**Q** 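Have a look at this one.
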Amino acid sequence: MDDDHEQLLPGDGVGEAGAGHCRKAGERTSPEVTRTLNLFGGVSIIVGTMIGSGIFASPGTVLLHTGSVGLSFLAWTLAGFIALLGCLCYAELGTMLPLSGGDYAYIVYTYGDFAGFVYIWTTAIVTKPGSLAIICLVCGQYAVQPTGLGENASLAAGYVALALVTFINAVSVRWADRVNRYFTVFKSIALAMIGILGVVALIHGGSGTPASENLQDSFRGSTASVGSFGVATLAGLWGFDGWNNLNLVTEELKDPQHNLPRAVLIGTTFVLVAYLFALLGYYALMPLDQIVDFANAKSVEGFATEFGQASMGDVGAIILPVCIAVSTFGAANGSSFSGGRLVAVSARNGDFPAKLAIVTSKDNPAPARAIMMQSVLAGALLASGSFEALLAGFSVAAWIFYLVVVTCLLTLRWREPARHRPFRVWIVAPLLFTSIAVVLVFATIAVQPLESGLAICGILTAVPVYYVRAALQKRGYVTLTLPHSSSRVLDLISCQSLRYCLGAALPTENTSDCSIEMDMYNSLPTPAPFGTADIVSDSTLEWKTDENTRPAPLP
């Protein structure tokens with residue numbers, strides 16, 4: 001075993017990207033974080049990040065690929081079980097390496113900087129924008145449902161939602177925080193409403209009702225395809241996405257060796273039970289053809305509106321979709337909030353252009369350019385207008401890295417058997433998780449090869465970027481150039497916000513503003529490892545480095 005490697009720990013622990021580069025054990029690069037998060041706070045993070053758009057959008061996709069009510073219940077239950085296995089594996093990693101940074105910290109510590117860069121690149125370019133696009137699409141679908149407008153209107157509403165969350169997050173951290181807090185209430189109301197109404201319908205239901213038709217002989221029409229069931233399970237797992245988020249704030253959790261595993265067990269079990277009650281509500285009050293368009297092999301857009309109509313009449317057809325639209329808008333706001341900071345911290349660590357790390361002001365430290373970059377990527381993905389396509393691409397990319405993170409646990413069990421592990425999961429859990437993850441990923445690739453292939457291509461783009469970046473670093477500089485013609489066109493269409501996002505230099509008369517912005521960047525707690533950034537000329541940014549800031553040689 002390499003003695004030097006044993007002395008390395010992930011770095012700063014700043015946000016989702018935050019482990020930074022490796023540092024020596026015992027060496028602090030940021031002040032020690034005060035542990036203020038108790039068990040209830042940990043459970044709240046798990047529940048709050050899991051419950052989003054999934055339970056309001058995925059049931060149709062799950063039912064489409066399973067073919068029956070009974071098998072769809074099994075797919076959702078399996079999804080919850082897989083999420084629970086993943087939570088337990090992450091609990092061991094989080095208590096063994098109690099640093100904020102989550103997946104990135106574990107990957108860098110176990111497999112090195114290259115693997116960490118591929119993860120960060122994929123998260124910033126594929127999974128975070130993909131997640132934001134999915135949530136905005138669902139928000140748009142439910143926002144227009146009461147109006148009776150078609151798919152084009154729902155897509156337009158999705159773009160409006162994306163523009164609004166981008167504006168809120170780029171303009172004011174305080175606004176973004178308030179939206180996160182207040183809008184979380186709506187998803188709880190909508191989910192509770194669906195579950196309660198479903199139970200009431202079961203109690204009072206009789207023969208000939210949707211409840212009796214859907215729940216009797218519930219496995220009729222079940223698919224025999226392992227691939228289809230795998231796609232259905234991954235669609236269900238979208239509803240549980242966020243199960244690993246507590247590991248991002250492990251340093252803030254009190255008594256993490258006990259509270260981390262307890263929080264994930266309680267939170268995941270609560271969400272699974274809530275989802276099963278919601279599914280019961282859907283199937284008790286709605287014919288299956290209102291959830292899935294079997295003739296065209298696609299889920300029905302905004303099907304929960306029909307649930308509101310069936311349970312509460314015309315009033316319910318307005319109230320429920322509005323609650324869901326508001327709920328998913330809050331989820332989109334949270335996704336934009338965290339995704340923008342991921343890009344900004346990555347830029348501070350040198351993985352992205354330095355100007356993406358610049359904040360709006362010292363009083364309002366919103367990384368506006370990073371947020372806009374993420375929204376541009378999300379907008380491009382949103383153009384597909386297909387929930388199933390977006391979900392397939394997101395799921396393949398995300399689950400490849402969930403698989404990689406859990407292999408970190410297995411690797412460290414072999415490489416560092418003597419390391420103290422306050423919580424030790426039974427070895428069957430990571431082995432079972434990795435086996436299931438491999439099956440689910442390959443099943444999705446087999447059933448939806450185009451969407452999966454595009455996601456994998458997005459991951460692979462990290463490889464040339466990493467080596468080109470490293471080669472430029474060895475020469476002593478990295479240059480980001482926006483062509484002058486493009487800059488002039490952006491001026492003509494008054495799209496300064498897009499130029500701001502792309503990192504183009506401001507006009508000459510605003511050079512002092514640029515200097516102020518760069519001073520703010522250079523004053524951030526973690527300096528960019530490539531050295532300071534200087535404006536060289538209009539539309540050009542150059543990082544100047546010296547021997548002390550150059551990265552270590554490539555492995």
Side-chain angles (χ1 to χ4, degrees), residues 53-79 134 137-138 140-142 144-145 148 150-151 154-155 190-191 194-195 197-198 201-202 205 208-239 275-311 316-317 320-321 324 328 384-392 394-395 443-444 447-448 451:
S53 65
I55 191 58
F56 307 121
S58 291
T61 304
V62 175
L63 181 60
L64 173 66
H65 289 283
T66 55
S68 70
V69 169
L71 199 59
S72 71
F73 268 108
L74 285 181
W76 278 96
T77 304
L78 178 60
I134 292 170
L137 179 63
V138 176
Q141 289 174 350
Y142 280 103
V144 302
Q145 278 297 306
E151 292 184 3
S154 66
L155 184 60
L191 192 58
I194 292 170
L197 291 173
L202 279 177
T209 63
S212 63
E213 293 179 2
N214 294 338
L215 300 177
Q216 291 178 6
D217 193 15
S218 60
F219 285 90
R220 183 180 65 253
S222 297
T223 182
S225 168
V226 175
S228 293
F229 185 75
V231 172
T233 304
L234 269 182
L237 280 163
W238 166 249
Y275 281 1
L276 293 179
F277 270 102
L279 290 172
L280 203 59
Y282 291 141
Y283 295 140
L285 282 164
M286 298 175 65
L288 297 186
D289 59 7
Q290 290 184 351
I291 302 174
V292 174
D293 182 358
F294 288 103
N296 296 309
K298 66 176 184 177
S299 59
V300 174
E301 186 178 286
F303 65 87
T305 303
E306 299 296 334
F307 177 88
Q309 178 75 47
S311 58
L320 190 58
I324 295 174
T328 50
S384 72
S386 170
F387 175 78
E388 285 81 8
L390 289 172
L391 184 60
F394 166 85
S395 298
T444 305
V447 175
Q448 295 175 294
E451 297 86 350

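The model shown is predicted, which means the values in this text are computed figures rather than measured ones.
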**Q** For Y283 and S218, does a side-chain donor sit closer than 3.5 Å to a side-chain acceptor?
**A**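 The answer is no; no qualifying pair exists.
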**Q** To the nearest 0.5 Å, what is the distance between OG on S154 and CD on Q145?
**A** 8.0 Å
**Q** Test of understanding: with side-chain contact (heavy atoms from CB on, under 4.5 Å), list the residues that count as partners of S299, not counting sequence neighbours.
**A** T61, E388
**Q** Nearest 0.5 angstrom please: I134 CD1 to T328 OG1, how far?
**A** 12.5 Å
**Q** Between the main-chain N or O of A235 and the side-chain N or O of S58, is there a donor-acceptor pair closer than 3.5 Å?
**A** yes
**Q** Please identify each residue that fulfils side-chain contact (heavy atoms from CB on, under 4.5 Å) with L155, with sequence neighbours left out.
**A** L137, Y159, L382
**Q** Decide yes or no on side-chain contact (heavy atoms from CB on, under 4.5 Å) for W238 and L234, but give the supporting numbers first.
**A** CA-CA 7 Å; W238 166 249; L234 269 182; over 6 Å; no
**Q** Grab the two heavy atoms, one from I291 and one from F303, that are nearest each other, plus how far apart they are.
**A** CA-CB, 4.1 Å
**Q** Measure the spacing between CD1 of I194 and CG of L320 and express it to the nearest 0.5 Å.
**A** 5.0 Å
**Q** Measuring from atom CG of L280 to atom CG of L197, what distance do you get when rounded to the nearest 0.5 angstrom?
**A**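 Nearest 0.5 Å value for the CG-CG distance: 12.0 Å.
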**Q** Any side-chain heavy-atom pair from L78 and F229 closer than 4.5 angstrom?
**A** yes
**Q** Just verifying a value: how many Å separate Q448 CD and H65 NE2, rounded to the nearest 0.5 Å?
**A** 5.0 Å
**Q** Between Y275 (side chain) and G239 (backbone), is there a donor-acceptor pair under 3.5 Å?
**A**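 Judged by distance alone, yes, a pair lies under 3.5 Å.
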